[in-house]
Amino acid sequence: MLRSLPADFWRLWSVGLIVTTVRWMETVVMGVVVYKQTGSALAVASITMLRLLPMGLFGAFLGALAERFDRRLTLAGMIGVLALTSTALAVAARLGELEVWQFALASLINGFGWVTDNPVRRVLMGESVGRERMASAVAFDVGGLNASRMVGPTVGGLLLVGIGIDGTFLMNTVMYLAAVALTLAVRTRMAATPGAGAVLARMLEGFAIVFSDRRLAATMVVTVIYNVFGWPFISMIPVIGRDQLGLGPEGIGILTSIDGVGAFFGALALAFWLTQRWHAPVYVGSVAAYQLGLIAFALAPEPLTAGLALLLTGVAGAGFATLQATIVYLAAPTEMRSRVLGVLSVCIGTGPIGFVWLGWLADQIGAPAATAVTGLIGLAALAVTRPMWRTI
């Protein structure tokens with residue numbers, strides 16, 4: 001299986017690994033620093049939320065816009081912008097002028113980079129491997145992305161203690177530049193789609209095909225549930241880790257990495273053993289398991305129990321992430337994949353609602369209780385929408 005995947009797949013896989021590693025490093029570093037400066041769980045959640053905001057606002061538009069340009073150059077250009085952002089933060093930190101609003105602006109800019117992942121990098125990946133190997137390719141990709149969740153948070157915490165915030169962001173710049181070089185080495189080409197000039201019309205076509213296809217529509221609904229009531233809990237890991245579990249930056253980084261450990265091994269298992277008839281059960285079941293895992297994490301009395309709960313959320317998150325992209329890619333018409341994956345980005349971009357809700361509720365009743373309550377609401381939403389996701 002591994003030998004059958006082309007070199008371009010591995011280049012794109014490496015790009016995703018590098019960019020996501022930096023993203024997780026930044027999540028931990030920003031979370032620790034912002035909470036230290038503000039003491040507000042809502043501020044921490046808001047910084048993380050801003051990374052998702054461009055998906056909800058511009059995901060479908062950028063998915064359609066991507067069809068007007070060479071996908072390889074678009075991806076390289078966007079990563080270059082991320083490198084400039086990290087450089088600016090490193091300089092500000094070095095001068096002692098780094099403030100919370102600068103983290104907020106950087107998170108928003110980085111969110112635009114995240115939007116390009118599905119309609120640009122993943123579409124390029126699909127073109128390089130072919131339809132028949134897409135599920136396995138995405139599973140390996142998710143495995144790599146979750147390997148970054150093992151490494152990124154731990155490295156972020158250690159670097160913050162060891163070389164300071166300025167050195168950490170400078171390291172991020174170097175890693176982004178390596179990703180740019182790998183992107184430019186990709187040989188698979190996807191030139192501008194003929195007739196792609198009417199971006200707004202093509203965006204609306206993407207929404208139309210999703211609403212008219214029961215499988216696509218149901219997949220998007222489950223995605224919204226996960227991103228509103230599930231995934232935002234990661235913003236509470238630094239808060240719960242410090243206040244309830246008594247951990248420092250290194251401990252918080254290691255704890256966050258455990259989720260990545262579960263996701264890494266879960267994705268590898270899917271890559272080797274998942275068959276198409278299990279796509280729907282694994283997809284929906286993973287969301288339910290994720291909600292249970294985050295509730296267990298919120299109620300954990302000590303680090304070991306919390307780590308086991310995060311191991312479960314990692315495995316479940318890998319199942320969700322693998323099947324989400326695979327189901328949408330396979331169900332979408334070939335010529336509309338960028339647009340439909342852009343709509344998927346919009347659904348992923350509903351996450352800011354969950355981040356704001358969870359951060360606000362945490363300030364009212366405490367992070368552990370707020371996280372558990374949100375997880376229960378997610379399970380209820382999944383139960384209510386059962387008639388829809390049965391069609392996946």
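For reference, positions follow the sequence shown, starting with 1.
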- [ ] Give the cluster check for Leu312 versus Ile234: same hydrophobic cluster or not, with ILVMFWY residues linked at side-chain heavy-atom distances below 4.5 Å.
- [x] no
- [ ] Check Ile18, Val22, Leu82, Thr85 against Asn172 for a side chain to side chain contact (heavy atoms under 4.5 Å, CB included) and give me the one that passes.
- [x] Val22
Open item on the list: I need the Ile258 CD1 to Ile254 CD1 distance, nearest 0.5 Å.
Closed with: 8.0 Å
Open item on the list: Whether the side chain of Trp389 engages the backbone of Val284 through a donor-acceptor N/O pair (distance < 3.5 Å, no angle test) should be reported.
Closed with: no
- [ ] Side-chain contact test, heavy atoms from C-beta onward, threshold under 4.5 Å: evaluate it for Arg72 versus Leu184 and give yes or no.
- [x] yes
TODO: Please say whether more than 12 non-hydrogen atoms of neighbouring residues, nucleotides or ligands are located less than 6.0 Å from CE in Met171.
DONE: no
Task: Identified side chain to side chain contact (heavy atoms under 4.5 Å, CB included) partner of Cys347 from the options Val222, Thr219, Thr223 - done: Thr223
Open item on the list: I need the minimum non-hydrogen distance between Thr313 and Gly293, along with the two atoms involved.
Closed with: CG2-C, 3.5 Å
Open item on the list: Within the structure provided, determine whether Pro232 and Thr374 are in side-chain contact (heavy-atom separation under 4.5 Å).
Closed with: no
Task: From Thr21 atom OG1 to Tyr176 atom OH, the distance as rounded to the nearest 0.5 Å - done: 10.0 Å
Open item on the list: I'd like to know if the side chain of Ser86 and the backbone of Ala83 have a donor-acceptor N/O pair within less than 3.5 Å.
Closed with: no
- [ ] Look at the aromatic rings of Trp357 and Trp360 and report parallel, tilted or perpendicular, splitting at 30° and 60°.
- [x] tilted
- [ ] Run through Phe320, Phe233, Tyr283 and flag the one making a ring pair (Phe, Tyr, Trp, His ring centres under 6.0 Å) with Tyr290.
- [x] Phe233
TODO: For Glu99 and Trp101, indicate whether the former's side chain and the latter's backbone hold a donor-acceptor pair under 3.5 Å.
DONE: no
- [ ] Report the C-alpha distance between Leu382 and Gln291 in whole Å, list the side-chain angles of each, state the deciding distance to 0.1 Å, and finish with yes or no for side-chain contact (heavy atoms from CB on, under 4.5 Å).
- [x] CA-CA 10 Å; Leu382 200 62; Gln291 303 298 133; 5.7 Å; no
- [ ] Could you pull out the closest heavy-atom pair between Gly266 and Ala318, with the gap in Å?
- [x] C-CB, 4.1 Å
Open item on the list: With rounding to the nearest 0.5 angstrom, report the CE to CG distance, Met220 to Asp213.
Closed with: 9.0 Å
Task: Spacing of CD1 belonging to Ile225 relative to CD1 belonging to Ile377, to within rounding of 0.5 Å - done: 12.0 Å
Open item on the list: If I compare all heavy atoms of Ala76 with all of Thr183, which pair ends up nearest, and what's the gap?
Closed with: N-CG2, 3.7 Å
TODO: Using atom types as modelled and distance alone, determine if a side-chain donor or acceptor of Asp8 lies under 3.5 Å from a backbone N or O of Arg187.
DONE: yes
- [ ] Decide ring-ring contact (aromatic ring centres under 6.0 Å, His included) for Trp231 and Phe355; before the verdict, give the C-alpha distance in whole Å, the side-chain angles of both, and the deciding distance to 0.1 Å.
- [x] CA-CA 9 Å; Trp231 191 57; Phe355 279 99; 5.6 Å; yes
Open item on the list: Treating Thr173 as the side-chain partner and Phe169 as the backbone partner, does any N or O pair qualify as donor plus acceptor under 3.5 Å?
Closed with: yes
Open item on the list: So which atom in Ala137 and which in Met125 form the shortest heavy-atom distance, rounded to 0.1 Å?
Closed with: O-SD, 4.4 Å
Open item on the list: Please report the interatomic distance CE(Met25) to OG1(Thr168), rounded to the nearest 0.5 Å.
Closed with: 6.0 Å
TODO: For the residue pair Leu299 and Pro368, establish whether any side-chain heavy-atom pair is separated by less than 4.5 Å.
DONE: no
- [ ] Ignoring hydrogens and angles, tell me if any N or O in the side chain of Thr305 forms a donor-acceptor pair with the backbone of Pro301 under 3.5 Å.
- [x] no
Task: Whether Thr391 side chain and Pro387 backbone form a donor-acceptor pair below 3.5 Å - done: no
Task: Same apolar cluster: Phe297 and Val373, side chain cutoff 4.5 Å - done: yes
Open item on the list: For Ile79 versus Ala179, what's the shortest heavy-atom pair and its separation?
Closed with: CG2-CB, 4.0 Å
Open item on the list: Check for me, please, whether Met175 and Val91 land in the same ILVMFWY cluster - side-chain distances under 4.5 Å, paths through other members count.
Closed with: no
- [ ] Determine, step by step, whether Leu75 and Leu12 satisfy the side-chain contact (heavy atoms from CB on, under 4.5 Å) criterion, reporting the C-alpha distance in whole Å, the side-chain angles of both residues, the deciding distance to 0.1 Å, and the verdict.
- [x] CA-CA 10 Å; Leu75 181 60; Leu12 293 164; 4.1 Å; yes
Open item on the list: Is the shortest side-chain heavy-atom distance between Gln102 and Leu89 below 4.5 Å?
Closed with: yes
Open item on the list: If we ignore hydrogens and angles and just use 3.5 Å, is the side chain of Gln324 paired with the main-chain N or O of Ile327 as donor and acceptor?
Closed with: no
TODO: Apply the test side-chain contact (heavy atoms from CB on, under 4.5 Å) to residues Val239 and Tyr35: give CA-CA distance (whole Å), side-chain angles for both, the deciding distance (0.1 Å), then the verdict.
DONE: CA-CA 8 Å; Val239 180; Tyr35 193 56; 4.0 Å; yes
Task: Close side-chain approach of Thr371 to Ile295, heavy-atom, < 4.5 Å - done: no
Task: Arg122 and its side-chain hydrogen bond (donor to acceptor under 3.5 Å, both in side chains) partner, picked from Thr326, Asp117, Asp141 - done: Asp141
Open item on the list: Looking at every heavy atom in both Gln244 and Ala298, which two are closest together, and how far apart are they?
Closed with: NE2-O, 3.3 Å
Open item on the list: Determine whether a donor-acceptor pair (N or O, by modelled atom type, separation under 3.5 Å) exists between the side chain of Glu97 and the backbone of Ala92.
Closed with: no
Open item on the list: Within this structure, what is the CG-CG distance for the pair Leu379 and Leu294, rounded to the nearest 0.5 Å?
Closed with: 8.0 Å
Task: Same cluster (ILVMFWY, side-chain, under 4.5 Å), Leu245 and Leu308 - done: no
Task: Beyond-backbone contact of Leu323 with Ser286, side-chain heavy atoms, under 4.5 angstrom - done: no
Open item on the list: Checking the side chain of Arg215 only, and the main-chain atoms of Ala331 only, is there a donor and an acceptor separated by less than 3.5 Å?
Closed with: no
Task: Path from Leu170 to Val180 over hydrophobic side-chain contacts below 4.5 Å - done: no
Open item on the list: Strictly below 4.0 Å, N to O, side chains only: are Arg51 and Glu26 in salt-bridge contact?
Closed with: yes
